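Small disclaimer: the values here were computed from a predicted structure and weren't measured.
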Amino acid sequence: MPAYVPPPPLRPLGRSGLRVAPLAFGGNVFGWTADEPTSFALLDAFVEGGFQLVDTADVYSRWVPGHAGGESEAIVGRWLKARGPALRERVVIATKVGMAMGDEGSGRGGLSRRWIRQAVHESLARLQVERIDLYQAHRDDPDTPLEETLGAFAELIREGKVRAIGASNHDAARLAEALAVSARLGLPRYETLQPHYNLMERAGYEAALEPLVRAEGLGVINYFALARGFLTGKYRSEADLGRSVRGSGVEAYLSPRGFAVLAALDAVAAEHAGERATAAQVALAWQIARDGITAPIASATSVAQWQELAAAARLALTPAQVARLDAASA
């Protein structure tokens, strides 16, 4: 019989009342690089490991030829229905609105009240749920007043269609402005931020966003936590680029700094040889250890791959190891 592994401790998602384990599953792979049976198996393994937050978006996976968007949400919805209502209480479903879901001029995109109200009903239908736990503005919409956007989200919360709201891909100035509008008008505020953040992409978050989210007590669920796969260690030369999706951006990390980060990850993993730690686990553990980060988002396309990543939630780095990674990635 395998040894019992306790679930990781839960962390708050801002002031939403939601609490999640310190690793989220990125649903962009569902219906794209993971077919439906594989997606179901991944979600089952995710929940069985003591994790809760499944992050998706209405636009996933519109970039795939023949897809219209909504494929990921639909798979999550069919999984929830197949597993029954008891499972619904164990998961936190996060999705997003705002990216284009139609041709230019179609009105299917942005953060207007009209589109938010239409999009949420489409997402609820695909997810087969009555309420979305965390509904996120996928990116800023400078053409729509924040008062209109936040007012629309407030309506959805009052109607019970959404529990809490979050922001993704917002810079510090606009996030601060949105928080100020919520406070001034007595509207629900963004409780989470979803920024691009990892060992290779630090400055954009740490310079201005990190002080703001820590001061305001927002939850942070960062994406591209493994730098498009670079931090797994499988890309160490240009010859390895054939393993990546063309145009993924991994090639930008093949630099002296990138190689220094990989060397540091390898060294720290070797110090956790008894736990059979991998570079990917160490990279995620570094994020989990950072004050203010709630749950990095990671994706997998096989159960074995997910189980490797999930071990990062229980990998404790020493201050010296964190400092080594900080220095290599500075």
Side-chain angles (χ1 to χ4, degrees), residues 6-26 50-53 55 92 94 134 136 164-176 178-179 183 189-227 231 257 260-261 264-265 267-269 271-272 275 277 279-298 309-330:
L10 304 185
R11 299 177 172 186
L13 276 174
R15 300 187 308 218
S16 67
L18 297 165
R19 296 176 64 83
V20 298
L23 201 59
F25 199 104
F51 298 91
Q52 296 80 28
L53 180 58
D55 179 79
V92 173
L134 179 64
Q136 302 160 95
I165 57 174
S168 175
N169 297 306
H170 281 52
D171 64 26
R174 283 289 280 179
L175 179 59
L179 294 172
R189 70 169 195 165
Y190 291 136
E191 292 295 344
T192 61
L193 174 68
Q194 189 170 143
H196 184 183
Y197 183 62
N198 56 59
L199 275 164
M200 296 302 298
E201 304 285 350
R202 295 180 57 182
Y205 169 71
E206 292 179 13
L209 283 166
E210 184 176 45
L212 176 61
V213 299
R214 289 176 63 177
E216 294 287 345
L218 273 61
V220 177
I221 49 176
N222 52 296
Y223 68 90
F224 284 161
L226 291 173
L231 297 175
R257 176 171 173 262
V261 169
L265 288 171
V268 173
E271 292 172 4
H272 289 271
E275 298 162 89
Q281 291 168 359
V282 173
L284 292 171
W286 174 83
Q287 294 165 61
I288 291 168
R290 190 170 189 90
D291 191 17
I293 298 292
T294 307
I297 299 171
L309 300 180
R314 302 175 179 86
L315 183 64
L317 303 183
T318 67
Q321 290 168 340
V322 170
R324 182 184 305 173
L325 294 165
D326 285 342
S329 63

Report task. Report the C-alpha separation of Gln321 and Val282 in whole Å, then their side-chain angles, then the decisive distance to 0.1 Å, and conclude whether the side chain to side chain contact (heavy atoms under 4.5 Å, CB included) test is met. Result -> CA-CA 10 Å; Gln321 290 168 340; Val282 173; over 6 Å; no
Heavy-atom pair with the smallest gap, counting every atom of [X] and [Y]:
X: Met200; Y: Val261; answer: SD-CG2, 3.8 Å
X: Arg189; Y: Gly217; answer: NH2-O, 3.7 Å
X: Ala208; Y: Ala172; answer: CB-CB, 3.6 Å
X: Leu199; Y: Arg257; answer: O-NH2, 3.1 Å
X: Asp171; Y: Leu209; answer: C-CD2, 3.8 Å
X: Ala328; Y: Ala264; answer: CB-CB, 3.8 Å

Under 3.5 Å: donor-acceptor pair, side chain of [X], backbone of [Y]:
X: Thr192; Y: Val220; answer: no
X: Asn222; Y: Ala225; answer: no
X: Arg19; Y: Pro9; answer: no
X: Arg11; Y: Gly219; answer: no
X: Gln52; Y: Gly50; answer: yes
X: Glu191; Y: Arg15; answer: yes

Do [X] and [Y] have side chains that get closer than 4.5 Å, going by heavy atoms?
X: Asp326; Y: Arg202; value: yes
X: Glu216; Y: Leu175; value: no
X: Phe51; Y: Pro8; value: yes

Quick one: pull up [atom1] in [X] and [atom2] in [Y] and give me the separation to the nearest 0.5 Å.
X: Gln136; Y: Leu193; atom1: CD; atom2: CG; answer: 9.0 Å
X: His272; Y: Gln281; atom1: NE2; atom2: CD; answer: 10.0 Å
X: Leu10; Y: Leu53; atom1: CG; atom2: CG; answer: 11.5 Å
X: Leu284; Y: Ile293; atom1: CG; atom2: CD1; answer: 11.5 Å
X: Ile221; Y: Leu23; atom1: CD1; atom2: CG; answer: 11.5 Å
X: Ser329; Y: Leu231; atom1: OG; atom2: CG; answer: 9.5 Å

Query raised in the report: How are the rings of His170 and Tyr190 set to each other: parallel, tilted or perpendicular (split at 30° and 60°)?
Result: perpendicular
Report task. Under the side chain to side chain donor-acceptor pair (under 3.5 Å) rule, what do Trp286 and Asn198 come out as? Steps first, then yes or no, please. Result -> CA-CA 9 Å; Trp286 174 83; Asn198 56 59; over 6 Å; no
